[in-house]
Amino acid sequence: MPKTLVIFPDKCTGCHRCELWCAMNKEGLINPAKARLKVLRREPSIDVAAICLQCGICINACLYGALSRDKKTGAVVVDDERCIGCGKCVMACPYGMITVDASVRKAKKCDLCGGNPVCVQHCPENALQYLDVEKAAAIKRERYAKSLVSELKGGSASNLNLEKLK
Amino acid sequence: MMNGGYCGKILRVDLSSREINVEMLTEDAIRPYIGASGYAVKLLWDELDGDVDPLSENNKIVFATGPIAGTLVPSGGSYALCYRSPLTGAWCESRAGGSFGPRLKYAGFDFLVIEGKSETPVYLWIHDEQVEIKDASLIWGKGIEYSTTFIQNEIDELDSSIALIGQGGENQVLYAAVVNDRGRVAARGGGGALMGSKNLKAVAVSGKGSLQVAHPDHFMKAVTLAEEYLGRYPFEGINQFGTPLLIGIQNAAGGLPTRNFTYGQFESADDIGGERLTKENLIKRRACYGCSMGCGRYTVVEQGKYQTIPQEGPEYETLAALGSLCENGNLESLLKANYLCNDYGLDTISVGVAIAFAIECYENGLLNDFELEGRELSWGDADLILELIEDISMQRGFGKILSQGVRRAAELIGQNADDFALHVKGMEVPMHEPRGESKIMALQYAVNPRGACHMHPNWAAIWDSGQFECGMNALGQPWPPTDKMLELNAKKGLAYKYVAMQGEISEIIGACVFHSWGADDECITPQLYATLLSALTGWDVTDQELFEAAERSWNMKRCFNIRAGLTRKDDLIPKRLKDPIRRGPSDGESVQNIDGMIDEYFDAIGWDKETGIPKEDTLKRLGLSNVWEVLMESAVQNR
């Protein structure tokens, strides 16, 4: 069964180790700015990893056919031979998760490390997990349900007395 | 040009002339000291006069990182603020986590040296090797939260770290702190007052630069090993409960400082401990940059009179200093006190000790001639503590006297106030009780370069009290150690030398000390640091080399103090610790032979027992003959 990357912001402590490992593994140096995922600490109280969802919108944006879907992992990958670093993909990505490295003029993005993401291996909190898509889908449904509860709690049209549900 | 780990650059900013210079850092210069406070002491030894007035424009502040800061080594989020302390007149290093150190390196610099004094309030904005001196007049007089948000908006960079002072530093409270990332604090010794004296409100850093790694494969392997070891870390509760867990541990051992070090146990300890904090106020755990441990607390008081915004902390030291030490068992008030101290920018330890001191002076009738605005100073009065924090920060009324630290306050109050002033070399005693935790702590307080210090390094009592092995087996020290309450002929001098040197390795490499408490497969040992550093820098570093560099740095800090006029006579402990402690398992214990312990330690470390000066052959062996010569010259001049 194919797998997908899932974030758990409630577990994240904001340690940035995923970024550090990503850049180390991909570029052979230390530089979180070159990581293919980004940890954001925003006050108050949010630590969250922003990751590529592998949605593929960038594939169609590329005029040079440099982006394609890897058959084994399902990740969208960059063909360095074809990429000219024009940045069309950066403009197209709704999530800000593909960038162009100006020093080499190539697009850079998460390729799931060929099916064994280094960020997942080294996250000390299990705030990043690489899960079977079915399991990931179940987690998404669960989150949807929970977000709905808190939305209804604050809503005016509700006939639920959620305080009573506590 | 260096191969890895280091940026290889020192940034120097003269606030008087507004000159900005970048100096290259070579392997020859840095390697004998490794980095962080180890190199900063060498730099300040070379550049400062021994008698420099700490709050004059001639004093300098060094923001110092080590080679592992900002790297994948799991303890590398730290930076150290180094200077001659206005509180003690001695060497001071205040370490803070968060992301300041790493981001300073991503911006391109290992060290930032601040000189001179600006005519008007300014802040520095350092980003990608660019440096701007910016106007801070709109935030002068404002607290940490407001000012941090203001600067983040003005520089338009949320992925930045801002180290700054609040009103405490501006008003030159002698134990004012420097706060970075809103809630990580370089707290002790008055670095905030020093920044205030220079009209420097803040330093903001951000960068997208790279740090090279000499041998990436070796490095990744060694980092993975460090992660595995830390996965077996012996101090398990530190993740779940953070340092506040210590409240319960110390209380059970009879070592929780209570009522200005009168008692070793506090009846309301459970009310202010880690379990309760986690249950009632914890939003989530937070980690410093690159830390796999995540002992930081992110907490809130949601409503009521002690309501706070979400904040980082409190740590054990704060809960004890403003809690048990003042017999305050109200946890919510302690969170509020933590917030106020962090927003005004004060060292919570010194604040707590100063307030406990004031209450005891009042109780003994020493404050009859002082204007207290109708207040009665009594134990356990949470609101009084909050009021005094504000008064100290703003230098109002009696707060102005307390803002000078307990040593000066006791001089101003006179009579027998000194009996109630818990300090060494002017540094307020932290929340580790030599009579309850371990007698080796008394030795550490007496001889540590920055005065009564629990952190640099902080393993002595932990090893001596049998809590953790701290790698001492490998150094030939017995495990379990001898009785923690013995003073003489228990090898404490030798043990402290070993523990101190091992801790000093953490300091000069730029690590957080929390990663090195265990045996060799459950923490990062000097051997593993040597492996990591070798892979990172491409040098062939051994643990022996690290020990020697640590000894060099440790001796330099001692020499810095000697040149500043301190002698063996300053290596002492406050009177109260020589009196019996009351309550709990340590009831009746007192420190009897501090001078004997110091003698044993000086023998072990190679310092003269009469003068306290490192011996000529000790310094020679460490390649510090020139330092010896300077000391002798200044000794001749002083005569």
Side-chain angles (χ1 to χ4, degrees), chain A residues 7-50 90 96-97 99-104 108 113 116-128 150 166, chain B residues 4-5 68-74 76-77 98-99 102-103 105-106 128 145 148-149 152 158-159 161 181-183 206-217 219-220 223-224 227 230-231 239 283-296 298-300 309-312 536:
Chain A
I7 54 167
F8 294 82
D10 54 323
K11 293 178 193 278
C12 180
T13 61
C15 75
H16 294 263
R17 292 195 67 74
C18 51
E19 281 181 337
L20 288 163
W21 267 108
C22 179
M24 188 72 224
N25 187 45
K26 288 293 175 197
E27 309 286 342
L29 44 72
I30 293 157
N31 187 346
K34 288 185 189 284
R36 287 102 193 265
L37 78 175
K38 307 282 178 201
V39 176
L40 285 84
R41 169 169 289 183
R42 295 295 177 259
E43 309 287 351
S45 79
I46 292 293
D47 289 296
V48 61
V90 182
M97 291 315 299
T99 55
V100 170
D101 186 336
S103 61
V104 290
K108 301 281 180 181
C113 296
N116 191 10
V118 74
C119 54
V120 171
Q121 289 169 46
H122 292 278
C123 176
E125 304 293 340
N126 292 322
L128 283 161
S150 53
K166 266 190 189 170
Chain B
I68 66 164
T71 74
L72 282 78
V73 181
S99 70
R103 292 192 200 278
K105 286 178 79 174
Y106 303 150
D128 295 309
E145 271 294 326
T148 301
T149 303
Q152 273 187 338
L158 289 171
D159 292 319
S161 177
D181 302 281
R182 294 172 198 263
S206 179
K208 294 184 166 59
S210 301
L211 300 168
Q212 302 302 318
V213 178
H215 305 301
D217 289 343
F219 184 66
M220 284 193 274
V223 170
T224 306
E227 289 173 347
L230 289 170
N239 303 46
I283 299 170
K284 60 178 289 190
R285 292 166 44 230
R286 265 193 170 182
C288 293
Y289 206 99
C291 179
S292 58
M293 203 171 285
C295 72
Y298 197 62
T299 60
V300 70
I309 61 169
Q311 62 163 340
E312 198 143 343
L536 186 61

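Just so it is clear: chains get the letters A, B, ... in the order the sequence lines come, proteins before strands, and each one is counted from 1.
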Practice task
Examine distances only and state if a side-chain atom of B:K284 and a backbone atom of A:I46 form a donor-acceptor pair shorter than 3.5 Å.
Solution key: no

Handout entry: Flag side-chain contact, heavy atom, 4.5 Å: A:I30 against B:F219
Key = yes

Exercise for the section: Below 4.5 Å from any heavy atom of chain A, which atoms of B:P74 appear? Answer side chain, backbone, both or neither. Expected result: both

Practice task
Among B:P102, B:P216, B:G290, single out the residue with the greatest number of heavy-atom pairs under 4.5 Å to chain A.
Solution key: B:G290

Practice task
Tell me, for B:K208 versus chain A, whether the close heavy atoms (under 4.5 Å) come from the side chain, the backbone, both or neither.
Solution key: both

Practice task
Measure distances from B:Y298 to the heavy atoms of chain A and classify the residue's part below 4.5 Å as side chain, backbone, both or neither.
Solution key: side chain

Exercise for the section: Could you have a look at B:G294, B:P310, B:C288, B:G209 and say which one has the most heavy-atom pairs with chain A under 4.5 angstrom? Expected result: B:G209

Handout entry: Residue part contacting chain B, namely of A:E27, when any heavy atom lies under 4.5 Å
Key = neither

Fill in the blank from the handout: Assert top hit (heavy-atom pairs under 4.5 Å, partner chain A, pool B:I283, B:V223, B:D181, B:L536) equals B:V223

Exercise for the section: With the side chain counted from C-beta on, respond yes when A:P32 and B:Y106 share a heavy-atom pair under 4.5 Å apart, and no when they do not. Expected result: yes

Exercise for the section: Check each atom of B:I309 against the heavy atoms of chain A and say whether the ones under 4.5 Å are side chain, backbone, both or neither. Expected result: neither

Handout entry: B:E227 side chain reached by A:W21 side chain, heavy atoms, under 4.5 Å
Key = yes

Problem - Side-chain donor/acceptor of A:R17 to backbone N/O of B:L72, under 3.5 Å - result: yes

Handout entry: Under 3.5 Å: donor-acceptor pair, side chain of B:R285, backbone of A:T13
Key = no

Problem - Region of A:Q121 that comes under 4.5 Å of a non-hydrogen atom in chain B - result: neither

Practice task
Would you mind checking which part of A:K11 comes under 4.5 Å of any heavy atom in chain B, side chain (CB onward), backbone (N, CA, C, O), both or neither?
Solution key: neither

Exercise for the section: Identify which of A:C123, A:P124, A:C15, A:A33 forms the greatest number of heavy-atom pairs closer than 4.5 Å to chain B. Expected result: A:C15

Practice task
Determine, for B:D159 against A:K38, whether the closest basic-nitrogen to carboxylate-oxygen distance falls under 4.0 angstrom.
Solution key: no

Exercise for the section: Provide the closest heavy-atom pair for B:S210 versus A:N31 in the form atom of the first, atom of the second, distance. Expected result: OG-ND2, 2.9 Å

Exercise for the section: Report yes if the side chains of B:M220 and A:V118 come closer than 4.5 Å at any heavy-atom pair, otherwise no. Expected result: no

Handout entry: Nearest-0.5 Å distance, NE2 of residue A:H16 to SG of residue B:C291
Key = 12.0 Å

Practice task
Run the salt-bridge test on B:R286 and A:E43 with the 4.0 Å N-O cut-off and return the result as yes or no.
Solution key: yes

Problem - Distance (rounded to the nearest 0.5 Å) between A:L29 CG and B:L211 CG - result: 8.5 Å

